[in-house]
Amino acid sequence: MIRLYLSDSPDFAPGLGLTLPPEQGRYLAAVMRKGVGDEIAVFNGRDGEWKATLIEVGKKTVRIALIEQTRPQPAGQGPVLLIALIKRSRLETIIEKVTELGAAKIQLLITRRSNADHTNVERLRLIAQEAAEQTERLDVPEILAPVKLEKLLADMPYDAVFFGDEDSTHETDKATRPMLDALKATEGSNPSLSAILVGPEGGFDEVERDTLRGLANVHPVNLGPRILRADTAAISALTLYQAAVGDWR
Ligand code: SAH
């Protein structure tokens, strides 16, 4: 079944008629060869998944009518991924994979060693949307435009931040805990908004690391004895989170 995300739709209701945005209309008519009477699934991130039928398929206009809800909108919320800007191809991989894994949002970050050139946030949003459609998620993680790490820390909108601290890997005194232990330790306090923080290819610098380690709701964690690339670190950390305290249980 084809699934389309309708980002700016009004609230879904039985019988509601909608004209599709031109891109999506073209996709259904010209690429997928759908005709009047064919059924698709649609979601808007708020009202669950709905069955819809094509009621008009023209060169310029494709219209659908909603039939009924097939899945309710899930209440649960995954963690937010805070990711430093890195090389485009790896960043795109991260967006796709963490969307599949259930990240609630993705906040792009500028850090001292991030590679901030040429980040096309709109393209990243499209990748998240396509991954959500493909993976049968009923919402699309918001991609938040890059902010400086200092600014984010000053605002600190999260109850718990699991900070992938690769330096700990080399330390004998084990300044940080394995991520699984940190997750289990915070589970009792039931943080309502958690985030996972992963640095750029060059890692965090000393000042950033010291600042992060000094904050009460930031939990420095390690992801094993090897240095992972940022994409591997993001995917592994999200997997651990979902398995330990998230929606894989
Ligand atoms: N260039 C850096 C490595 C950066 S890896 C160096 O050589 O030290 C990119 C990011 O992935 C890191 O900033 C960290 O957030 C995360 N990461 C990688 N390996 C990790 C590990 N073993 N434990 C925790 N975080 C890790």
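Order of appearance sets the numbers: ligands from 1, and atoms from 1 within every ligand.
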Does the N or O separation between [X] and ligand 1 drop below 3.5 Å for any pair?
X    : value
A233 : no
G199 : yes
G164 : yes
N222 : no
L223 : yes
L228 : yes

- prompt: Are A237 and ligand 1 in contact, using a heavy-atom cut-off of under 4.0 Å?
  reply: no
task: Check whether any heavy atom of T232 sits under 4.0 Å from an atom of ligand 1.
output: no
Atom indices of ligand 1, in the order listed, that fall short of 4.0 Å to a heavy atom of [X]:
X    : result
G224 : 22 (N)
I227 : 3 (C), 19 (N)
G203 : 1 (N), 2 (C), 4 (C), 13 (O)
F204 : 13 (O), 15 (O)
V221 : 24 (C)

field: Among R226, R229, E166, closest by any non-hydrogen atom to atom 22 (N) of ligand 1
entry: R226
message: So which atom in L124 and which in I95 form the shortest heavy-atom distance, rounded to 0.1 Å?
response: O-CG2, 3.6 Å
- line: Short version for P225: what comes under 4.0 Å of ligand 1, heavy atoms counted, is neither
Is the closest basic N to carboxylate O distance between [X] and [Y] below 4.0 Å?
X    : Y    : result
R137 : D139 : yes
R209 : E206 : yes
R113 : D205 : no
E92  : R123 : yes

task: Could you pull out all residues at least two apart from Q129 that satisfy side-chain hydrogen bond (donor to acceptor under 3.5 Å, both in side chains)?
output: E133
task: List, by chain and then residue number, the residues other than F204 in its hydrophobic cluster (Ile/Leu/Val/Met/Phe/Trp/Tyr, side-chain heavy atoms under 4.5 Å); write none if there are no others.
output: V80, L82, L109, V147, L149, L152, L153, M156, Y158, V161, F163, L193, L197, L212, L215, V218
- prompt: Heavy-atom count around R229 CZ within 6.0 Å, excluding the residue itself: above 12?
  reply: no
Neighbour count above 12 (heavy atom, 6.0 Å) for R249 CZ: yes
message: Among Q69, M1, R71, which residue satisfies the side chain to side chain contact (heavy atoms under 4.5 Å, CB included) criterion with E49?
response: R71
